[in-house]
Amino acid sequence: MNVLGIETTCDETAAAVVAPGEDGRGLIRSNEVLSQIAEHAAYGGVVPEIAARAHVEVLDRLIARALDRAGLGLKELDGIAVAAGPGLIGGVLIGLVTAKTLSLVSRKPLLAVNHLEAHALTARLTDGLAFPYLLLLASGGHTQLVAVKGVGDYVRLGTTIDDAIGEAFDKIAKLLGLGYPGGPEVERMAESGDPERFSLPRPMLGRREADFSLSGLKTALRIEAERIAPLAERDVADLCAGFQAAVVDVVVDRTRVALRAFSGVAGHPTALVAAGGVSANGAIRRALAALAGEAGLSFVAPPLALCGDNGAMIAWAGLERLRLGLTDDLTAPARARWPFAEKPAAGALAG
């Protein structure tokens, strides 16, 4: 069983072919990703129109290359998976129309995948992880703690009430005059900084609900930066270190709360999982691994190449759905917004 995956929801154009592997894992037969960082760097963020045009220019060639490197023709596939949202609607439409065309021509099943669900299932692609597990999904646009109970069965234990973690990293980088994308730049500067120089808040720490809030932390850092301006390189490093340390403390505290709530909705977790672009952050990975150890759980995070948007995770999510007979027809819509995890039933998290 071979599934083609297409990803165009933001600023990466990607195509991959994935098949079932050993021990429940997936076998990545090809994984082609073309980043648009250079196109957007001058603007300090993703410009939707530029992103959409870039997808149009390269997607056909990228799909052809993914098939060639997998050693397969279109008719040898068993399904065409595509990220149908959430994301920038122009890019989503380009990927979805392309996938529908390929599905129609090849007469292969169409699999309209939720981009967030694909991140959620990546641990099964890489590690063959059994359900249920606790997921921290953290990216530039999303921050959620989710009980992953099965394919299509997700319970949201916590989310951000303002900024996503990746969004906060990007905004801090812009404030401090660092490059784009901001997350890796903040992490790089933090390595040489003093995380204790500035007293920064840890929003929501100790709250009973596993929700996040980062707007107050951003404001506190901005005030400190303005207070000591103009900033020397040492100041920027120390501000980055303090910000990252505060985020790590918040992530650990919020995840600990979600671990306590997990049994009320899904029983005992098989592991603690991190996914999404922010899961590439080394400090967050180390802190979550330590928390998992305290809880007697394994910690699973994808290799760095699969933390960001990629076609392999889309293909795998499509394969998981295909095995369950969850296919789509040509009326599948493109969605700018598409929640994938539901709130728990009333009273499920009591106690």
Which distance, rounded to the nearest 0.5 Å, do you find between the [atom1] of [X] and the [atom2] of [Y]?
{"X": "L96", "Y": "D328", "atom1": "CG", "atom2": "CG", "value": "9.0 Å"}
{"X": "L59", "Y": "T98", "atom1": "CG", "atom2": "OG1", "value": "4.5 Å"}
{"X": "S30", "Y": "L4", "atom1": "OG", "atom2": "CG", "value": "8.0 Å"}
{"X": "R256", "Y": "L205", "atom1": "CZ", "atom2": "CG", "value": "9.0 Å"}
{"X": "S263", "Y": "H268", "atom1": "OG", "atom2": "NE2", "value": "9.5 Å"}
{"X": "F262", "Y": "Y133", "atom1": "CZ", "atom2": "OH", "value": "10.0 Å"}

If every non-hydrogen atom of [X] is compared with every non-hydrogen atom of [Y], which pair is closest and at what distance?
{"X": "S106", "Y": "L102", "result": "OG-O, 2.6 Å"}
{"X": "A190", "Y": "Q244", "result": "CB-NE2, 3.7 Å"}
{"X": "A241", "Y": "G193", "result": "CB-C, 3.6 Å"}
{"X": "P269", "Y": "L134", "result": "CB-N, 4.2 Å"}
{"X": "A112", "Y": "R321", "result": "O-NE, 4.4 Å"}
{"X": "G206", "Y": "D253", "result": "N-OD2, 3.0 Å"}

Looking at [X], I want to see if its [atom1] is surrounded by more than 12 non-hydrogen atoms of other residues, nucleotides or ligands under 6.0 Å.
{"X": "E342", "atom1": "CD", "value": "no"}
{"X": "E196", "atom1": "CD", "value": "no"}
{"X": "E233", "atom1": "CD", "value": "no"}

Would you check if the side chain of [X] reaches a backbone N or O of [Y] as a donor-acceptor pair within less than 3.5 Å?
{"X": "H55", "Y": "A14", "result": "no"}
{"X": "R286", "Y": "N281", "result": "no"}
{"X": "R25", "Y": "T126", "result": "yes"}
{"X": "T255", "Y": "V252", "result": "no"}
{"X": "T159", "Y": "T143", "result": "yes"}
{"X": "D127", "Y": "L129", "result": "no"}
{"X": "D238", "Y": "D194", "result": "yes"}
{"X": "R69", "Y": "R29", "result": "no"}
{"X": "T327", "Y": "P109", "result": "no"}
{"X": "E7", "Y": "T9", "result": "yes"}

Is any side-chain heavy atom of [Y] closer than 4.5 Å to one of [X]?
{"X": "H142", "Y": "P86", "result": "yes"}
{"X": "M204", "Y": "D211", "result": "yes"}
{"X": "L67", "Y": "L77", "result": "yes"}

Subject >> Worked verdict on V273 versus V148 for side chain to side chain contact (heavy atoms under 4.5 Å, CB included) >> reply: CA-CA 10 Å; V273 173; V148 180; over 6 Å; no
Cluster check [X], [Y]: I/L/V/M/F/W/Y, side chain < 4.5 angstrom:
{"X": "I50", "Y": "L34", "answer": "no"}
{"X": "L137", "Y": "F212", "answer": "no"}
{"X": "F198", "Y": "L175", "answer": "yes"}
{"X": "I63", "Y": "L110", "answer": "yes"}
{"X": "V250", "Y": "L200", "answer": "yes"}

Original post:
Distance only, no hydrogens: is a donor on one side chain within 3.5 Å (strictly under) of an acceptor on the other, for D162 and S213?
Top reply: yes
Original post:
Should the ring pair Y154 and F340 be called parallel, tilted or perpendicular, given that the plane angle runs from 0 to 90° and is split at 30 and 60?
Top reply: tilted
**OP:** Please work out which of the three classes, parallel, tilted or perpendicular, describes the rings of H115 and H119, given edges at 30° and 60°.
**Re:** perpendicular
**OP:** Kindly indicate, with the supporting measurements, whether the criterion salt bridge (charged side-chain N to carboxylate O under 4.0 Å, His left out) is fulfilled by E57 and R53.
**Re:** CA-CA 6 Å; E57 291 172 0; R53 288 180 180 273; over 6 Å; no
**OP:** Walk me through it: do T160 and E167 pass the test side chain to side chain contact (heavy atoms under 4.5 Å, CB included)?
**Re:** CA-CA 11 Å; T160 181; E167 178 185 8; over 6 Å; no
Subject >> Residues V278, V247; criterion side chain to side chain contact (heavy atoms under 4.5 Å, CB included); working and verdict >> reply: CA-CA 11 Å; V278 176; V247 170; over 6 Å; no
Subject >> Full working for salt bridge (charged side-chain N to carboxylate O under 4.0 Å, His left out) between D170 and K174 >> reply: CA-CA 6 Å; D170 286 342; K174 193 169 186 178; over 6 Å; no
**OP:** Would you kindly check if the NZ (Lys) or CZ (Arg) of R124 is within the cone defined by 45 degrees around the ring axis of F131 and under 6.0 Å from the six-membered ring centre?
**Re:** yes
Subject >> Pi-cation contact, W316 with R323 (under 6.0 Å, within 45°) >> reply: yes
**OP:** Please test R197 against D235 for salt bridge (charged side-chain N to carboxylate O under 4.0 Å, His left out), starting from the C-alpha separation and ending with a verdict.
**Re:** CA-CA 9 Å; R197 177 180 168 188; D235 299 325; 2.8 Å; yes
Subject >> F243 ring center within less than 6.0 Å of F169 ring center >> reply: yes
**OP:** Go through L125 and I28 one step at a time and tell me if the side chain to side chain contact (heavy atoms under 4.5 Å, CB included) criterion holds.
**Re:** CA-CA 9 Å; L125 165 64; I28 300 175; 4.1 Å; yes
